[in-house]
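This report refers to the structure that appears directly beneath it.
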Amino acid sequence: MQIGVLYLRANLKRLYTQLLWYIGTTVMVMLVTLFAAASLLNRLQRAVHSAEERAGFLANYDTVTDLFNRHAFNQRFQTLLHEARNNNTMLALLVFDLDDFKVINDSLGHDVGDKLLRLVAQRLVSAAGPSNVVYRVGGDEFA
């Protein structure tokens, strides 16, 4: 026994419109996220590069006097010593130490001590000339 007939009528146009809107929104969110990630990655790469350059500078330079430091001195001196031995030539090394520098730091402060170190560094570089290199190898020692 049949009671009636049921007809289903579907409007797929509205479903397709909603699905298209959802896909479009998802793609836009993905593109914005990708752009933001690329921008952040670029900034991170620049920061890492800058940090690497700074670390390289700090590994070989004294931050107070901007001279080469003990690490750079040890590397360069070994090379020069090796070359002098191989070529059977002379090598001169002058080492300067400031007497009672601790007294200056303790009595006048580290700022005055740093100014004195910079002044001594400038004078040594000027006296050494362009063919020689001055290093700060310790707190108050220059080579």
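Being a predicted model, the structure only gives us computed values, none of them experimental.
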| Taking atom CD1 of I104 and atom CG of D99, what is their separation to the nearest 0.5 Å? | 10.0 Å
| request: Specify the closest pair of heavy atoms between N60 and A72, including all atoms of both residues, with the distance to one decimal. | output: O-CB, 3.6 Å
| message | Whether the side chain of R136 engages the backbone of G139 through a donor-acceptor N/O pair (distance < 3.5 Å, no angle test) should be reported. | response | yes
| said: I'd like to know whether F101 forms a side-chain contact (heavy atoms from CB on, under 4.5 Å) with N105, so could you lay out the CA-CA distance, the side-chain angles of the two residues, the decisive distance to 0.1 Å, and finally the verdict. | reply: CA-CA 6 Å; F101 181 72; N105 267 343; 3.2 Å; yes
| query | CZ of R123: more than 12 outside heavy atoms within 6.0 angstrom? | reply | no
| hydrophobic_cluster_shared for L117 and L58, side chain cutoff 4.5 Å | no
| field | Sub-4.5 Å side-chain heavy-atom contact between L31 and V29 | value | no
| task | Could you walk me through whether L34 and M30 pass side-chain contact (heavy atoms from CB on, under 4.5 Å), step by step? | result | CA-CA 6 Å; L34 184 62; M30 287 173 37; over 6 Å; no
| query | Out of curiosity, H110 NE2 to L116 CG, how far, rounded to the nearest 0.5 Å? | reply | 13.0 Å
| task | Tell me, with the steps shown, if H49 and Q45 meet side-chain contact (heavy atoms from CB on, under 4.5 Å). | result | CA-CA 6 Å; H49 181 70; Q45 287 173 333; over 6 Å; no
| request: Treating Ile, Leu, Val, Met, Phe, Trp and Tyr as nodes and any side-chain heavy-atom pair under 4.5 angstrom as an edge, say whether V137 and L94 lie in one connected cluster. | output: no
| request: Answer yes or no: is there a donor N or O on one side and an acceptor on the other, between the side chain of T79 and the main chain of Q75, under 3.5 Å? | output: yes
| said: Can you confirm whether the side chains of H82 and Q78 place a donor and an acceptor under 3.5 Å from each other? | reply: no
| query | Are V64 and V120 linked, directly or through other ILVMFWY residues, by side chains that come within less than 4.5 angstrom of each other? | reply | yes
| query | Just by modelled atom types, is the Y22 backbone N or O under 3.5 Å from a matching donor or acceptor in the T26 side chain? | reply | yes
| So if you build clusters from Ile, Leu, Val, Met, Phe, Trp, Tyr with side-chain heavy-atom gaps below 4.5 Å, do F73 and L91 land together? | yes
| Is there a donor-acceptor pair closer than 3.5 Å between any side-chain N or O of D100 and the backbone N or O of V103? | no
| said: Under 4.5 Å between side-chain heavy atoms, counting indirect links through other Ile/Leu/Val/Met/Phe/Trp/Tyr residues: same cluster for L93 and V134 or not? | reply: no
| field | Minimum-distance pair of heavy atoms, taken over all atoms of V125 and L67 | value | CG2-CD2, 3.6 Å
| query | OG1 of T65 to CG of L124: how many Å apart, nearest 0.5 Å? | reply | 10.0 Å
| Closest approach of T63 to D66 (non-hydrogen atoms, all atoms of both residues) | O-OD1, 4.0 Å
| query | Just by distance, do the side chain of N42 and the backbone of A38 share a donor-acceptor pair under 3.5 Å? | reply | no
| task | May I ask you to check whether Y135 and F142 place their ring centres under 6.0 Å from each other? | result | no
| Point-to-point distance, once rounded to the nearest 0.5 Å, from CG of L41 to CZ of R46 | 10.5 Å
| task | Report the distance from atom CZ of F96 to atom CD of E141, rounding to the nearest 0.5 Å. | result | 12.5 Å
| query | About how many Å separate OG1 of T89 and CG of L80, when rounded to the nearest 0.5 Å? | reply | 9.5 Å
| query | So, N69 side chain and H71 main chain: donor-acceptor pair closer than 3.5 Å or not? | reply | yes
| field | Side-chain (S39) to main-chain (F35) donor-acceptor, under 3.5 angstrom | value | no
| query | With distance as the sole test, does T25 use its side chain to make a donor-acceptor pair with the main-chain N or O of W21 at under 3.5 Å? | reply | yes
